[in-house]
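I have placed the structure first, in the form of structure tokens, so that the comments after it can refer back to it.
Per chain, numbering begins at 1; letters A, B, ... match sequence-line order.
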There are 2 protein chains.
Amino acid sequence: MVTIRDVAKLAGVSVATVSNTVNDPKRVSDELRERVLKAIETLNYAPRAAARSLRKQSSGLIGLIVADITNPFFTELVQAVEAIAGQHGYSVLLCNSDEDPVREAKHLQVLRSQWVDGIILATTGEVSLSRTSLLSQSRVPVVLVDRAFDGLGLDAVVLNNRLAAQQATQHLIRRGHRRIGLLSGPTSVTTGADRLTGYREALLGSQLPFEPDLVREAGFREQQAYDATVELMRLSQPPTAVFAANNLMAIGMMRALSDLGLRCPDDVSVISIDDFAWANVFRPRLTTIAQPVREMGEMAVRLLTDRISGSRSGTGSTHMLESRLVVRESCAAPMGVAVPLSVTTP
Amino acid sequence: MVTIRDVAKLAGVSVATVSNTVNDPKRVSDELRERVLKAIETLNYAPRAAARSLRKQSSGLIGLIVADITNPFFTELVQAVEAIAGQHGYSVLLCNSDEDPVREAKHLQVLRSQWVDGIILATTGEVSLSRTSLLSQSRVPVVLVDRAFDGLGLDAVVLNNRLAAQQATQHLIRRGHRRIGLLSGPTSVTTGADRLTGYREALLGSQLPFEPDLVREAGFREQQAYDATVELMRLSQPPTAVFAANNLMAIGMMRALSDLGLRCPDDVSVISIDDFAWANVFRPRLTTIAQPVREMGEMAVRLLTDRISGSRSGTGSTHMLESRLVVRESCAAPMGVAVPLSVTTP
DNA sequence: CAATTGGTAAAAAACGTTTAAAATTTCAGC
DNA sequence: GCTGAAATTTTAAACGTTTTTTACCAATTG
């Protein structure tokens, strides 16, 4: 184990000089800096983060808690956050709550004792538990991502979920659909509730009735969406199109349709929120509402580092990013309905 | 900021007693322990990891470096490692090298200065650079995963890649194929080289000729596989089946086939290494060779914690896990060839 | 009854840095 | 050459734990 003392001894200077050459090289004369650098090189010295952060009262770590790392949305978020945090000189401590509020709370405890400099949190939404530990825990800056909640004055970066859901629903309406199903997320989390709202607003805007029977809560999960799709399609009057509120549910739905012997988009059209790299390897290629995932990660990191540096303070605000419609092949006109010309070449 | 001193003061004991009740409760009398615990509770005290690890010479952190986190194989590996490391009381510092040896080396530097207790490394294979920094860096235990390399005596947990490639190739052969293409990974990494070897062995075992023209190096990347597929299919005698050496290349291939107007499995059969959650949402559902990803993560963590605790020592060894054939729909008999009965109902 | 033992608690010494304060050197201006 | 200021370097004091050493007290033993 090579410490700063060893370097100092070899270079024939004090430890303070070594520390200075590492942290603020211009404070030390050319000659000594030269000697110190050489000593560091030959000893292959690296300062010990634990000692440094003890003294500096900051760890150089940020915590990232995601709800489900196997969800491509979060995977891409993790990728972006890790890359951008790295550019800012931070390493990231990754936590995966697996949609479990208890695990989320535990992770928060760990992050607290690690004294991370900040936390980016995609909460499970069951905030009762985590909220308290969040609050009680010292002044660690927290930025929410994907899923917001009010009342704590935290910064948040989220999709404009209402508009996104409107976009999706309107796309189906423009294609001529009148009975549009919804695979909804849990309304206890903002992403679930807002997307439901957007769906209703779109219907309303086109003077279409809202039929509760066509809406199924499937918890953002694939298997639940599979089951819900089966139910929907067995209605006496099944929907001619379905809007899935996230990627996992879209996949569950596709699987169900295929097992039911229904063809997409011939028998039923599908659109969903969340684009992902392989959406166009599916058959049919999925029409989706894309989220600017990378920008979300980027913004979250920037908000967080600004909080950490103190250049940002006061109560936080919610930052909304806009979605983008990606038209592929999974939406067609319902059987027997002529498609308006304007839509045939999107 | 509440420190151990504050707790000690409130409980009316020395700091040593507080430390003992936290770390080794049975060393302190019931009465004092009671008082201390209460004080900790009311102050909501959490020991500071930096101070603790400075003194204990261990950080409770393990570093995990993956080559490409958006690759579902690595995503699942990350999930497994994070979960299991958590059970062992470790948090994981996630690093994504993006198949870039330079980034990998940088990450290793960071992990070194963070003094992680151990590292799980899926190396990019370009070891020249990372190898040196690995060697020079102190005695941090390292476990390689997915991709091994010899000469450093490190523990490694990998797939039995030769056998896996044999399985894949033989499956195609049994279906009646005689001209089988290979989308290969770079032979500079073990996974690439071994899977190529397995492919050749399978051909040899069935007295089929090895035709270099049917083998394309596509760097484990989707786009390169796309291009390679186009080339393959434009040969005067194109293959009737192709074995893609990983998931990403299988996807690139499917995309290319579709763009070429070729149907799978009617015109060309496809099999690949790496199963993933959505392989059966693709059309056709992909026949794959599944890796026991979760077990690999589990074993890697166990090897690492054993090294850390010192219960394992000496030069490391390579642990091979076996693959499993998952038959779905992407492999059929070549046109005009009768399929042996034994394979029609796999 | 003195001496030893055993158990519990407190005091104090690390751990390896950074940084404020003190000391030394350098150097310009007179 | 002297003075004071500026630049550079060193000394020493933190940072918050854990752990070794020391102190204390009671009980047991010779």
Subject >> Nucleotide D:dT19, atom P - distance to CD1 of B:Ile4 in whole Å >> reply: 11 Å

Subject >> Positions of residues 9-38 of chain B (non-hydrogen atom under 4.0 Å from DNA chain C), listed by number >> reply: B:Val13, B:Ser14, B:Ala16, B:Thr17, B:Val28, B:Ser29, B:Leu32

Original post:
Rounded to the Å, how far apart are A:Leu43 CG and C:dG16 C1'?
Top reply: 15 Å

**OP:** Rounded off to whole Å, could you give me the NZ-to-P distance for the B:Lys56 and D:dG16 pair?
**Re:** 19 Å

Original post:
Nearest 0.5 Å, what's the CG-OH distance between B:Leu61 and B:Tyr90?
Top reply: 10.0 Å

**OP:** Check whether any side-chain nitrogen or oxygen of B:Gln57 sits under 4.0 Å from OP1 or OP2 of C:dG16, and answer yes or no.
**Re:** yes

**OP:** Enter the distance from B:Arg48:CZ to B:Ser53:OG here, rounded to the nearest 0.5 Å.
**Re:** 11.0 Å

**OP:** State the CG-CD1 distance between B:Leu37 and B:Ile40, to the nearest 0.5 angstrom.
**Re:** 5.5 Å

**OP:** Please check the phosphate of C:dA14 (OP1 and OP2 only) for any side-chain N or O of B:Arg55 closer than 4.0 Å.
**Re:** no

Original post:
Starting at CD of B:Gln114 and ending at C1' of C:dT17, how long is that distance when rounded to a whole Å?
Top reply: 14 Å

**OP:** Give the rounded distance in Å between these two atoms: CG of B:Leu54 and P of D:dT19.
**Re:** 12 Å

Subject >> Verdict with supporting geometry, A:Asn71 and A:Arg221, side chain to side chain donor-acceptor pair (under 3.5 Å) >> reply: CA-CA 10 Å; A:Asn71 179 327; A:Arg221 296 287 199 168; over 6 Å; no

Subject >> Worked check of side chain to side chain donor-acceptor pair (under 3.5 Å) between A:Asn23 and A:Ser19 >> reply: CA-CA 6 Å; A:Asn23 298 306; A:Ser19 177; 3.2 Å; yes

Subject >> Ion pair A:Arg103/B:Glu82, N-O distance below 4.0 Å >> reply: yes

